[in-house]
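We use all heavy atoms of the structure for the numbers below, so side chains are in, but hydrogens, waters and symmetry mates are not. Convention: sequence-line order gives letters A, B, ...; per-chain numbering from 1.
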Amino acid sequence: MSNEIEVSLYVLVLAVPLGLELVRRVSPLLHTPLMSLTNAISAISVVGAILIAGSGTAPTLSKVLGCVAVTCSTINIVAGFLITDRMLKMFRKKEGSK
Amino acid sequence: MSNEIEVSLYVLVLAVPLGLELVRRVSPLLHTPLMSLTNAISAISVVGAILIAGSGTAPTLSKVLGCVAVTCSTINIVAGFLITDRMLKMFRKKEGSK
Amino acid sequence: MAVVPRSVDLLKKSQVEVWIERGAGFEAGFTDEDYAVKGASLGSAAEVRGHAQILLHVRVPYDPPEKGVVAIGFCDPLTDPSIALRYAQAGATLFSMEMVPRTTRAQSMDALSSMASIAGYKAVLLAATTLPKMFPMMTTAAGTIPPARVLVIGAGVAGLQAIATSRRLGAVVSGYDVRTAVKEQIESLGAKFVNITLAEKAEGEGGYARTLSEDAIRGQREQMALVMREQDVVITTAAVPGKKAPLLVTREMVHAMQPGSVIVDLAAERGGNCEVTVAGETVVERGVTVLGPTNVPATVPRHASEMYARNIATFLKNTITKDGQLNIDLNDEIVRESLIARDGEVTNPRVQALVGTHV
Amino acid sequence: MAVVPRSVDLLKKSQVEVWIERGAGFEAGFTDEDYAVKGASLGSAAEVRGHAQILLHVRVPYDPPEKGVVAIGFCDPLTDPSIALRYAQAGATLFSMEMVPRTTRAQSMDALSSMASIAGYKAVLLAATTLPKMFPMMTTAAGTIPPARVLVIGAGVAGLQAIATSRRLGAVVSGYDVRTAVKEQIESLGAKFVNITLAEKAEGEGGYARTLSEDAIRGQREQMALVMREQDVVITTAAVPGKKAPLLVTREMVHAMQPGSVIVDLAAERGGNCEVTVAGETVVERGVTVLGPTNVPATVPRHASEMYARNIATFLKNTITKDGQLNIDLNDEIVRESLIARDGEVTNPRVQALVGTHV
Amino acid sequence: MTEAAGGVWQAAYIVAALSIVLSIKWLSSPVTARRGVFAGEFGLLFAIIGTLLRQEVLSYEWILVAMAVGAAIGAPLAYLMPMTAVPQLTALSHAFGAFAAALVGTAEYYREPATGFKMTALAIEIVLGYLTTTASVMAFGKLQEIIPTRPMTYRGQNVVNLSLFAFALALGGWMIYQPAPNWVFPAFVGLALLFGVLLIMPIGGGDMPTVIALLNSYAGAACCAMGFALENRLLIIAGAVNASSGFILSVIMCKAMNRSFTNVLFGAFGQVQAGAAAKTAAKPVKSATAEDAAQVLASARKVIIVPGYGMAVAQAQHKLRELTDALTKRGVDVEFAIHPVAGRMPGHMNVLLAEADIPYDRLHEMEDINPDFAEADVALVIGANDVVNPAARHDTTSPIYGMPILDVDKAQTVMVIKRSMNPGFAGIDNELYYMDRTLMLFGDAKSFVGEIVKALPAAG
Amino acid sequence: MTEAAGGVWQAAYIVAALSIVLSIKWLSSPVTARRGVFAGEFGLLFAIIGTLLRQEVLSYEWILVAMAVGAAIGAPLAYLMPMTAVPQLTALSHAFGAFAAALVGTAEYYREPATGFKMTALAIEIVLGYLTTTASVMAFGKLQEIIPTRPMTYRGQNVVNLSLFAFALALGGWMIYQPAPNWVFPAFVGLALLFGVLLIMPIGGGDMPTVIALLNSYAGAACCAMGFALENRLLIIAGAVNASSGFILSVIMCKAMNRSFTNVLFGAFGQVQAGAAAKTAAKPVKSATAEDAAQVLASARKVIIVPGYGMAVAQAQHKLRELTDALTKRGVDVEFAIHPVAGRMPGHMNVLLAEADIPYDRLHEMEDINPDFAEADVALVIGANDVVNPAARHDTTSPIYGMPILDVDKAQTVMVIKRSMNPGFAGIDNELYYMDRTLMLFGDAKSFVGEIVKALPAAG
Ligand SMILES: NC(=O)c1ccc[n+]([C@@H]2O[C@H](COP(=O)([O-])OP(=O)(O)OC[C@H]3O[C@@H](n4cnc5c(N)ncnc54)[C@H](OP(=O)(O)O)[C@@H]3O)[C@@H](O)[C@H]2O)c1
Ligand SMILES: NC(=O)c1ccc[n+]([C@@H]2O[C@H](COP(=O)([O-])OP(=O)(O)OC[C@H]3O[C@@H](n4cnc5c(N)ncnc54)[C@H](OP(=O)(O)O)[C@@H]3O)[C@@H](O)[C@H]2O)c1
Ligand SMILES: NC(=O)c1ccc[n+]([C@@H]2O[C@H](COP(=O)([O-])OP(=O)(O)OC[C@H]3O[C@@H](n4cnc5c(N)ncnc54)[C@H](O)[C@@H]3O)[C@@H](O)[C@H]2O)c1
Ligand SMILES: NC(=O)c1ccc[n+]([C@@H]2O[C@H](COP(=O)([O-])OP(=O)(O)OC[C@H]3O[C@@H](n4cnc5c(N)ncnc54)[C@H](O)[C@@H]3O)[C@@H](O)[C@H]2O)c1
């Protein structure tokens, strides 16, 4: 087993249950914001997109695809966070009451 | 930053919150069993002990210390799990009802 | 009382002048001043009769007023139709509050319902006062008192009210009625329905019950006897309009009950649902006390008057025009059905039929 | 009845033979056979007296039995200590059920509580039956009936029970007592506490109330008058042990109430909390009905007997040894305090004090 | 700069990973939710900066341009859409994200021949990425009602889907076996796109929010696979956390909506759902769930409750009290309107409401409360029918004509709890139910009110 | 075998890590607790086997012998100690574990000169390991009452401890700077051992369970540090998970016992605690939250509810009915035990429970229900006190001696809802509250029961 794969599996073994635990008891009030936050976070693919787009070795096709991917994931990031934020603003009062 | 350290930090970043999340809402009835379980698990140091005790390169002093460490941690493992188990047997009926 | 101070307002709104017999409100707790303050005129019985075009009664007197005068009140024309004949002969107009149809619109004039409601409540109080036990369950240092068991037979308005009141006092209540639709209503008050299987359907027109066949009655009684043995209190309210009350509780059934038990027969006036009942009296038979109270609503005079006054005022409002003139509109179902005699004739067909056979 | 068929079992467990006067259980709904079945012996009053070493009474007769015989029951020695003297002179032993201390352990022998509980319940029924209104709120086609307003003065055992029962019937209930600790208890039944500010603390030893000063009384009355005007029903239960009942409701206060209102004075026997009260009678004053019922528990004979019988059986069990022998252990607080006369002497110090001044 | 920068970007990645974990953790509680958003933004910022600092990244211009374009599209998207459109907006935004992941996979595939483990990871990334893209677009379409929202099903759907899936698997296997770019790849992509469409088609519009959460999870899994392919631990962590939390979130949401998770996912393949929708027909009424009702009630200032015979039949008085308590606690003004002939005996409602200890001063007679309906945000009718039937006012032929009624139709929103469209005592239809502002809540009064109470703490 | 075995041990480690995570997860819920123990055992087994398979491990004999000896000591230790001695047993067992970690650190230190990062990790491991060892021994001593259980404090304790700590830090710094073995190391070890003793001295015996959980956390941290030093990821994971869960557990336990965490840890250094501990002192009670209570109730088969005057004061009867309904719906058998003198008037409970419409057949007299308590999973006491006070049975000096009481103490778990530790009518303390199986639920009965109902659907 290559070291890299081993490490990746460790990470997986920890990250998956962590994700499950984190969300397991979320208040239904936050279902929608949480959905929209995970949506924004899933745009972490921007990391891969940048690596491809900026890569020196990649063929032009790949670079172009990479740039498109960067655009797309940026849309996702920006829209995702903004929506989440707008949504949470509506809860502000309730937060205050806590 | 060496790769090894980097990996270790990743693991840490995931493992610590995971531990916190897992136990955060445990029922008070399970406090004592859980305490005794984490006690048994903390004997994972047996891994380090075995590595030292079985190491070809270590000086004798280290090896001897390693063997003592193996004994000690085995005591911890065996006693820890057995206690946990005995304790939980007292809850058996409740489990059954589910 | 057919008029209470509060309903004087209502009547005056209908543009009529109100005369009250002096001292009439005393029983119900109203003084003559109470009425005067509201703008009613007071007078002796004769004075009142002399002034009024419309006479509001609780019970319509047997002697009719002069020609053209209208009398409204209870007069039970289906039991004793002769009063209809007398009023007709005198040329007076007679409305019977009993005959107000049980339509939705007529509910606010339905004095039978109002009175039945009070009777049901009071019947429970009578039973509770008479019973040598307490109604509610009580766990005490001197032992646990089990809750009393109450059976209500006949779950019309009075019966349902009796069920509700017994439940309030903490008794374990069951109810029974021939009309199976009532099961849901009984259960809607949290009580149990006693299931007695009948051979035939017992629901007549307009929500009233009808008379049962001999066979059906026997079956009903046998099953009922078993249920009754376990009761501390039995309250009977069964009635079939215009008929003698059905006999539901026989002497043997009474004997089968535990000594100390109590039966309240709200149908006493109409012959009683119980064989032992003597109207207006309390009979103790083999340790079982059977109450046959009559005119029960009159024992809660204040509220009975208030409700009746409200019913009769609404009724009146429906039969007079805006400027206070009487307007007998036979197209109105309420007017048509409650009008008994007018212009020298008995107008109500059901009463007519009886008068034919009767006089 | 001091013994009911069920308690015969209890007594027989204590290894005593049980004699019952023939026909004694009738009122409470028990036949002689009921007792016989349980193994009691039946006899005439004289026979029973002849056989028994221990006499269980509801109310102890004024004439003492022969020497050595033990009598247990209500005898109110603090009000009339002469009975203690008579029993002492006759050489009989006398236990007073009133004097059983109100400790936790003695609760199952506390007949005062049992009887008060019944009285509180029944007082509400009396009030409800007498009131010309209905208790519960009712929204009907003939107008809305507002709920009756009930005030209970003195929230001891009887008062609390009266509060609970009125609430059950749907009234709006408030309660008042001098002891402020009672506020929480009243509220624990869902009723309102009437706050009347007093100049002094009114709680005596052992949970009983003590007599108030003149000033305090005047203040209390003034504030109370305001509250009472708005009530339909007032039930008074205030008592100070061994004393005449405090006068809480003056004639003026009664006059201030609405005609048709009802007052039930459970303290009637001890002089009454209301100035108008006549013990055992119903007085109507300016339209307000004042009931002064006496011996109320006797009107619920079945349950009153059962509870009392249980109390007295437990009491007896506490004073006799396993093999059925009487064992008067003066170290036992319950025995010590309830023992009034023995071996020719009045033993209870509180009664002794009274006898001194009295005879 | 290499060694130093190396250390820097790795540290940035670790910080990013931690931020993302904290972000999700914090968003799970209302108290810390907004902090969670900041953590998430912070995490992604660090991830991007870290990546830009990596020595593999040679040219920045295009990347920065691309990001600017993305931001320029994303921001107005988020700001201009009305808040009610959040679900479709999320779906749309999500389509972009998934498409990005798919593109990265495609680009990587064409950049450098991969084998074995890496190719497997790439294949997974690609299939999930494309599938999620079309699925998100479909979800958007259904939510925006561009595509019919009702479940679209046809006979044999299961078979078609399953064989399609098997075929995709086979192609994937081939690609791993024969990784050099050829015709298989486009076919594989096409299948993934198609599968995404087919996956959403049979799911009803109402279940879309759940589906979006699930699609988030897929996108997360795609990122995770991408991380394996690119040997990028940040991607693995963020992807895995996202995948698992998205998954569990969709399960939780299903539960909260009283839907079975497998039903949402697969159930619609069967026929069950279609039938239920068809029947009621004729005049349409709007029916709603307990959750909807809870939401409406929770956001009201004044609620008037109208109990009727149905409340008595269901013995719902205790639950009704719970509801009253819960609403009052939230600051809602709750009153009861008692019609004189509600129920089947005089005082029927009184005795039951008194039993449940609802204070007398909350109960109002018809005459007193009728003027208040106009100011009420909600009139909640519980098992009453005739006493709120407007026909009594104007329909002279109606048997109830002339009876005064409670003016519930004056309230802003009317909600009616009853079991069916069956008439009440008078046996006549009730036009109230067909009003535009009326929501019918079908069910037994006791259990329905109970469900509303349960749903309440959750409602906004 | 090298390459293959390499793959094998790594896989074993991953499985072990996963098992350990699952083990803790499962032990957090009563339903899956025993599965959790198996997972933990399984995880450690895999860890050991994996390690033995590593090529670095050359000789097995001594290792196996050492393990056999360990097992031979551990097993009887666990079996022979009475169950009541669990805390001290855990402390003892824990001392061994921590000592092992310390020894490994020491051995590693002597095996090979380390520098920088690794030396830091080693230093942390060593200081935590030794500290925990002596601390555990002290805790054992206090629990076994070999050492006086009362907090031992003296003037200037803070100063002494802090300077000691600074000194240890300095030594540690030196070691990292000058890693070759010399006199510093033993001094460092000595300081750690001493610090462990000083740490526990000022903490009272009642707080020991919390302290043990915290020591677990330290041992976990030591393992984690060991993992960094040995570049062993399994150690890092297991250590970190253990450290964090142990930490949070000790915090939770503090909360449940109504103690401030910082007080337990540091407070004793000041004088504050001494006073507080002395008062409530001696007898600690376990308190729990509504969520905990809901969990316990939801997993019960038979619950007996004992209402008392407090239920009446709080007017909790309606909420109680909700609870009854909710539990009954979940299939729990709920009964009510009515003590003859519960409340303040005869029939006090009856009238309230009847108002809430709790069916008569659920109410049981004391004589009838007392035998049932032994079979009840939970006795839920709501605002009752005197009527469940076992002193009535045996304490002849008690004012309530001789009064028959409800045998709630026979139930498997007792939960008591009341607002404080204040006594009831009779004004006496209630030993029931201090029982091991009793959970105190502090709060107003009405709102607390309401919260339990709310928490119920979520409970396992
Ligand atoms: N108050 C009196 O003294 C009295 C006496 C006799 C007659 N009435 C008459 O009774 C009527 C009273 O009006 P109302 O509005 O109270 O009652 P209603 O008009 O009879 O309507 C009751 C409604 O409750 C619904 N329902 C029944 N059981 C239910 C359950 N378990 N859960 C939910 N809903 C349920 C029924 O619809 P579904 O079947 O669709 O659920 C029905 O439409 C009037 O027409 C009045 O004239 C009154
Ligand atoms: N039944 C009768 O006829 C009668 C008559 C007179 C006296 N007694 C006596 O009364 C006692 C009855 O025993 P019991 O167990 O029912 O009552 P208790 O012993 O008086 O205990 C009641 C408990 O309820 C708690 N409490 C009060 N308000 C509360 C609230 N709002 N929420 C939660 N808890 C609350 C109090 O603790 P916190 O303050 O900590 O909350 C108190 O410890 C017996 O001693 C009996 O002898 C009975
Ligand atoms: N339309 C309306 O709005 C309206 C208004 C008031 C009453 N009602 C209905 O009218 C009906 C009659 O009410 P009521 O109280 O005047 O009735 P009632 O006094 O005439 O009779 C009382 C009850 O006795 C029952 N009964 C008759 N024979 C019986 C027998 N042999 N055994 C057992 N029970 C027997 C009847 O079914 C009835 O329920 C009720 O159902 C009531 O709901 C309708
Ligand atoms: N220890 C026990 O277990 C136990 C058992 C039964 C009763 N008790 C307690 O004993 C107490 C007395 O009970 P009781 O019913 O026999 O009392 P009671 O009949 O002697 O008096 C009835 C009530 O009248 C009140 N009262 C006296 N003077 C008053 C005044 N001037 N104004 C207003 N109220 C006045 C008293 O405070 C009392 O509450 C109660 O608190 C009861 O809870 C205790």
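Both the backbone and the side chain of E/Val21 come within contact range of chain A, each with at least one heavy atom under 4.5 Å from a heavy atom of that chain. With a threshold of 4.5 angstrom between heavy atoms, A/Leu61 approaches chain E through side-chain atoms but not through N, CA, C or O. Looking at A/Ile50, both its backbone and its side chain come within 4.5 Å of chain E, counting heavy atoms on both sides. Residue E/Ile237 touches chain A through both its backbone and its side chain, counting heavy-atom pairs closer than 4.5 Å. Within the 4.5 angstrom heavy-atom criterion, atoms from both the backbone and the side chain of A/Ala53 approach chain E.
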E/Met67/A/Thr71 under side chain to side chain contact (heavy atoms under 4.5 Å, CB included): CA gap, chis, key distance, verdict: CA-CA 5 Å; E/Met67 286 174 63; A/Thr71 308; over 6 Å; no

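Side-chain contact check for A/Ile41 versus E/Ile24: some heavy-atom pair is nearer than 4.5 Å. Side-chain atoms of E/Trp62 and A/Val70, non-hydrogen and from C-beta on, never get closer than 4.5 Å to each other. At least one side-chain heavy atom of A/Asp85 sits under 4.5 Å from a side-chain heavy atom of E/Arg34. Two residues are said to be in side-chain contact when any heavy atoms from C-beta on lie closer than 4.5 Å; E/Tyr13 and A/Val47 meet this criterion.
Of all heavy-atom pairs between A/Phe81 and E/Val37, the closest is CE2-O, 3.9 Å. The two atoms that bring A/Ala69 and E/Val104 nearest to each other are CB-CG2, 3.9 Å, heavy atoms only.
If you tally non-hydrogen atom pairs under 4.5 Å between each of E/Gly40, E/Ala219, E/Gly36 and chain A, the highest count goes to E/Gly40. The greatest number of non-hydrogen atom pairs below 4.5 Å with chain E, out of A/Gly48, A/Cys67, A/Ser62, is found for A/Ser62.
Checking A/Ile44, A/Leu51, A/Val46 one by one against E/Leu235, the side chain to side chain contact (heavy atoms under 4.5 Å, CB included) holds for a single residue, A/Ile44.
A/Asn76 and E/Ser93 form a side-chain donor-acceptor contact under 3.5 Å, judged by distance and modelled atom types alone.
Remark: A/Leu37 CG to E/Glu41 CD distance equals 9.0 Å, nearest 0.5 Å. If you take CD1 on E/Ile73 and CD1 on A/Ile75, they are separated by 4.0 Å, rounding to the nearest 0.5 Å.
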